[in-house]
Amino acid sequence: MAANEAEELREHAEHGQTMRPVAFTMSVLAVLVAVTTVLGHRAHTNAVLNQNKATDKWNEYQAHKIRSNNTALISDLLSVVTISDPAAAQKIHDEYAAHQTKWNEDLNQLKTEADSLEASVAQAESRATRFDFGEALLEIGLVITSVTLLTRSRLYWYFGLAFATVGILSAVSASFLHQ
């Protein structure tokens, strides 16, 4: 083995030792990107599912509202037309009045449930946005850190760590939002 080959091997070994922390950092960042991506996808899925539930509640609310309106129209009609059997008409009117009372209670409950679901959608979207932002910053940090291996300048490693730190903080902050 020539002297220059031995020197070259020694330089490669030293380079491997000095770049080991960078490579380890890249591995950790890749795992954090994967975890943050999965959490972001779950938050988006949760938002979509809750939006579908809220839409279903609003559809149910609208159906009750239409039924209530139709019943009110029939009650109004019964009060203005000539009726051959006033007792039967009064019985129908009383039944409709009882239905109206129940439907008004149902409408209030459905509205409350739909509003609650919409609030959970907004919250899930906020969480998803934070996870997405964290994911993007972690990916940027990973790429900038990888430039360290090409340039052998640790400055890129520090910049990558800075981006990754902000990305981690963004992802962790999503956990502080109530589900």
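We're numbering straight along the sequence, starting at 1.
Other cluster members for Trp103: none, since no ILVMFWY side-chain heavy atom sits under 4.5 Å from it. Members clustered with Val121: none, using a 4.5 Å side-chain heavy-atom cutoff among hydrophobic residues. Hydrophobic clustering, defined by side-chain heavy atoms of Ile, Leu, Val, Met, Phe, Trp and Tyr closer than 4.5 Å, groups Phe133 together with Leu137, Ile140, Ile144, Val147, Leu155, Tyr156, Phe159, Phe163, Val166. With side-chain heavy atoms closer than 4.5 Å counting as contact, directly or through intermediates, the hydrophobic cluster containing Leu39 also holds Val31, Val35, Phe131.
Distance OG1/Thr25 to CG/Leu161: 5.5 Å, rounded to 0.5 Å. To the nearest 0.5 Å, atoms OG (Ser120) and CD (Glu125) are separated by 9.5 Å. Taking NZ from Lys57 and OG from Ser116, the interatomic distance works out to 10.5 Å, rounded to the nearest 0.5 Å. Rounding to the nearest 0.5 Å gives a distance of 10.0 Å between CZ of Phe24 and CG of Leu29. How far CZ of Phe176 is from CZ of Arg130: 10.0 Å, rounded to the nearest 0.5 Å. In this structure, OG1 on Thr36 lies 5.0 Å from CG on Leu138, to the nearest 0.5 angstrom.
The two residues Glu135 and Thr37 come nearest to each other via the heavy atoms OE2-OG1, 2.9 Å. Shown here for Gly40 and Ala128, the closest heavy-atom pair between the two residues is O-CB, 4.2 Å. Between Trp157 and Thr145, the shortest heavy-atom contact is CD1-CG2, 3.5 Å.
With sequence neighbours excluded, no residue forms a side-chain hydrogen bond (donor to acceptor under 3.5 Å, both in side chains) with Ser170. For Lys53, there are no side-chain hydrogen bond (donor to acceptor under 3.5 Å, both in side chains) partners, not counting sequence neighbours. Not counting sequence neighbours, the partners of Lys111 by the salt bridge (charged side-chain N to carboxylate O under 4.0 Å, His left out) test are Asp115. The salt bridge (charged side-chain N to carboxylate O under 4.0 Å, His left out) search around Asp94 returns none, not counting sequence neighbours. Shown here are the side-chain hydrogen bond (donor to acceptor under 3.5 Å, both in side chains) partners of Asp56, two or more places apart in sequence or in another chain: there are none. Listed by chain and number, the residues in a side-chain hydrogen bond (donor to acceptor under 3.5 Å, both in side chains) with Asp132 are His44 (sequence neighbours excluded). Residues passing the salt bridge (charged side-chain N to carboxylate O under 4.0 Å, His left out) test with Glu118: none are found, sequence neighbours excluded.
No continuous path of hydrophobic side-chain contacts links Val38 to Val33 [ILVMFWY only; heavy atoms under 4.5 Å]. Connection of Met19 to Tyr158 is established within a shared hydrophobic cluster, with ILVMFWY side chains joined at heavy-atom distances below 4.5 Å, either directly or through further cluster members. Cluster membership check: Val172 shares its hydrophobic cluster with Leu142, using side-chain heavy-atom separations under 4.5 Å among Ile, Leu, Val, Met, Phe, Trp and Tyr.
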Please assess Gln109 against Glu105 for the test side-chain hydrogen bond (donor to acceptor under 3.5 Å, both in side chains), listing each intermediate value before the final yes or no.
-> CA-CA 6 Å; Gln109 180 183 352; Glu105 293 170 5; over 6 Å; no
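Judged purely by atom type and a 3.5 angstrom limit, Arg154 has no side-chain atom pairing as donor or acceptor with the backbone of Thr148.
Side-chain contact between Leu149 and Met26 is present, with at least one heavy-atom pair separated by less than 4.5 Å.
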Without placing hydrogens or testing angles, list every side-chain donor-acceptor pair under 3.5 Å for residues 61-74, not counting sequence neighbours.
unit_1 : atom_1 : unit_2 : atom_2 : d
His64  : ND1    : Glu60  : O      : 3.1
Ser68  : OG     : Gln100 : OE1    : 2.6
Thr71  : OG1    : Arg67  : O      : 2.9

